[in-house]
Amino acid sequence: MERKNSPSASAEEWKLMTLLWEAPRTLMQMVEALKEEKGWAKSTVATMLNRMQKKGLIHYEERGRARLYFPAVEQEAVALRETHSFLQRVYRGSVGMMLNALLEEDRLSQEEIEELHEILRKADR
């Protein structure tokens, strides 16, 4: 799977990617899995899958009468790209500004603060 320069995924595409990172699926399996949460029609999911294939996010194999879809990129690579994009858009690339915003809003639990301390200790080595 590709790691560098992974394509970005929209919020809707992320839902489908999450399913595919769990296991390869057919169109109908994805429609069924998202039926209650999203209520997307088969045609909507098919259109999204087509767009995702063109972007290089997924690929498929013909399996009898159905296509079996697979992720073409690793979850970590897409998550990292989305994280950088979010930081750039919202906080001009500043991790410090983001953390400060979370701290000002009391959005971090003590456990999360301890986790950040551990991450920073590892980065300092």
Q. Under the side-chain contact (heavy atoms from CB on, under 4.5 Å) criterion, do L27 and R67 qualify, and how do the steps go?
A. CA-CA 7 Å; L27 168 64; R67 290 178 174 173; over 6 Å; no
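S10 contributes atom OG, which lies 8.5 Å from atom CD of E82 (distance to the nearest 0.5 angstrom). Remark: T44 OG1 to L49 CG distance equals 11.0 Å, nearest 0.5 Å. In this structure, CE on M30 lies 10.0 Å from CE on M48, to the nearest 0.5 angstrom. Taking CG of L19 as the start and CE of M17 as the end, the distance is 10.0 Å to the nearest 0.5 Å. Atom OH of Y69 and atom CG of L57 lie 13.5 Å apart (nearest 0.5 Å). To the nearest 0.5 Å, atom CD1 of residue I119 and atom CZ of residue R121 are 10.0 Å apart.
Counting heavy atoms of neighbouring residues, nucleotides and ligands inside a 6.0 Å radius, atom CD of E61 exceeds 12 of them. E62 CD: more than 12 foreign heavy atoms inside a 6.0 Å radius. The 12-atom threshold is exceeded at NZ of K55, counting heavy atoms of other residues, nucleotides or ligands nearer than 6.0 Å.
Checked by atom type and distance alone, the side chain of T47 pairs as donor or acceptor with a backbone atom of S43 at under 3.5 Å. In this structure, the side chain of E13 does not engage the main chain of M52 through any donor-acceptor pair within 3.5 Å. With hydrogens and angles disregarded, no donor-acceptor distance shorter than 3.5 Å links the side chain of E104 to the backbone of A101.
The side-chain contact (heavy atoms from CB on, under 4.5 Å) test with R25 singles out one residue from L16, V31, L20, and that residue is L20.
Counting all heavy atoms, side chain and backbone alike, M98 lies closest to F86 at SD-CE2, 4.0 Å. Here the closest non-hydrogen pair linking G56 and A72 is O-CB, 3.4 Å. Of all heavy-atom pairs spanning W21 and E74, the tightest one is NE1-C, 3.8 Å. Looking at every heavy atom in both residues, S85 comes nearest to R89 through OG-NH1, 2.7 Å. Scanning both residues, T26 and A66, for their nearest heavy atoms gives CG2-CB, 4.1 Å. Across all non-hydrogen atoms, the minimal contact from A9 to V78 is CB-CG1, 4.2 Å.
A single hydrophobic cluster is not seen to contain both L99 and L120; linkage of ILVMFWY side chains at heavy-atom distances under 4.5 Å, directly or through other members, places them apart. In this structure, M97 is a member of the same hydrophobic cluster as I113, with clusters built from ILVMFWY side-chain heavy atoms closer than 4.5 Å. A single hydrophobic cluster is not seen to contain both L80 and Y91; linkage of ILVMFWY side chains at heavy-atom distances under 4.5 Å, directly or through other members, places them apart. Hydrophobic clustering (ILVMFWY, side-chain heavy atoms < 4.5 Å, transitive): L34 and M28 are in distinct clusters.
A search for ring pair (Phe, Tyr, Trp, His ring centres under 6.0 Å) contacts involving H59 returns F70, not counting sequence neighbours.
Taking the charged nitrogens against the carboxylate oxygens, K35 and E32 do have a contact shorter than 4.0 Å, which makes a salt bridge.
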